Amino acid sequence: SLNVINSDAASFSVSSKGTAKVGETVTVTITGSGLYATFNVSCQGPGQIISSATDVDNGSTTIKVRATGIGTVTVTASGVASNYDHPADY
């Protein structure tokens, strides 16, 4: 299974297919409106990040993860977001 946890940024939404077979690639989409954010991305468990954009600029970005074994894969994207209307960091 793939854990998708949205935390510390109420203006973001995160979506992904919940399960994958070994060898399949899953796309995690992070969407933010009215803000700019830069992310650091990591993966724990039997999975491998095969591509990721590390910023969102008033739109969305994707992280592609390949399931390399059986078990739970957790993808973490953390970083700093700035609101266009109020440039202070969230």
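Note that this is a predicted model, so its numbers are computed, not measured. Residues: numbered from 1 along the sequence shown. All values below come from the heavy atoms of this structure, side chains included, with hydrogens, waters and symmetry mates left out.
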Checklist entry - In terms of heavy-atom contacts, does CD of E24 have more than 12 from other residues, nucleotides or ligands at under 6.0 Å? => result yes
Item to check | Test item: Y36 and N58 side chains (from C-beta on) under 4.5 Å apart, heavy atoms | outcome: no
Item to check | Summary of salt bridge (charged side-chain N to carboxylate O under 4.0 Å, His left out) pairs that have at least one residue in residues 64-73, sequence neighbours excluded | outcome: none
Checklist entry - Which pairs pass salt bridge (charged side-chain N to carboxylate O under 4.0 Å, His left out) with one or both residues in residues 41-52, sequence neighbours excluded? => result none
Next on the checklist: So which atom in G47 and which in T68 form the shortest heavy-atom distance, rounded to 0.1 Å?
Outcome noted: N-OG1, 3.3 Å
Checklist entry - What are the two closest heavy atoms between D55 and T61, and how far apart are they? => result O-CB, 3.5 Å
Next on the checklist: Please evaluate residues V75 and I63 with respect to the criterion side chain to side chain contact (heavy atoms under 4.5 Å, CB included), reporting the C-alpha separation (whole Å), side-chain torsions for both, the decisive distance (0.1 Å), and the verdict.
Outcome noted: CA-CA 9 Å; V75 177; I63 301 165; 4.2 Å; yes
Checklist entry - Could you go step by step and tell me if T29 and S16 meet the side chain to side chain contact (heavy atoms under 4.5 Å, CB included) rule? => result CA-CA 6 Å; T29 303; S16 175; over 6 Å; no
Checklist entry - Is any side-chain heavy atom of P46 less than 4.5 Å from a side-chain heavy atom of V73? => result yes
Checklist entry - Which atom pair, heavy atoms only, marks the closest approach of T31 to S60? => result OG1-CB, 3.4 Å
Checklist entry - What's the verdict on side chain to side chain contact (heavy atoms under 4.5 Å, CB included) for V65 and I50, showing C-alpha distance, side-chain angles and the deciding distance? => result CA-CA 6 Å; V65 181; I50 55 175; over 6 Å; no
Checklist entry - In Å, rounded to the nearest 0.5 Å, how long is the span from NZ of K17 to OG1 of T27? => result 9.5 Å
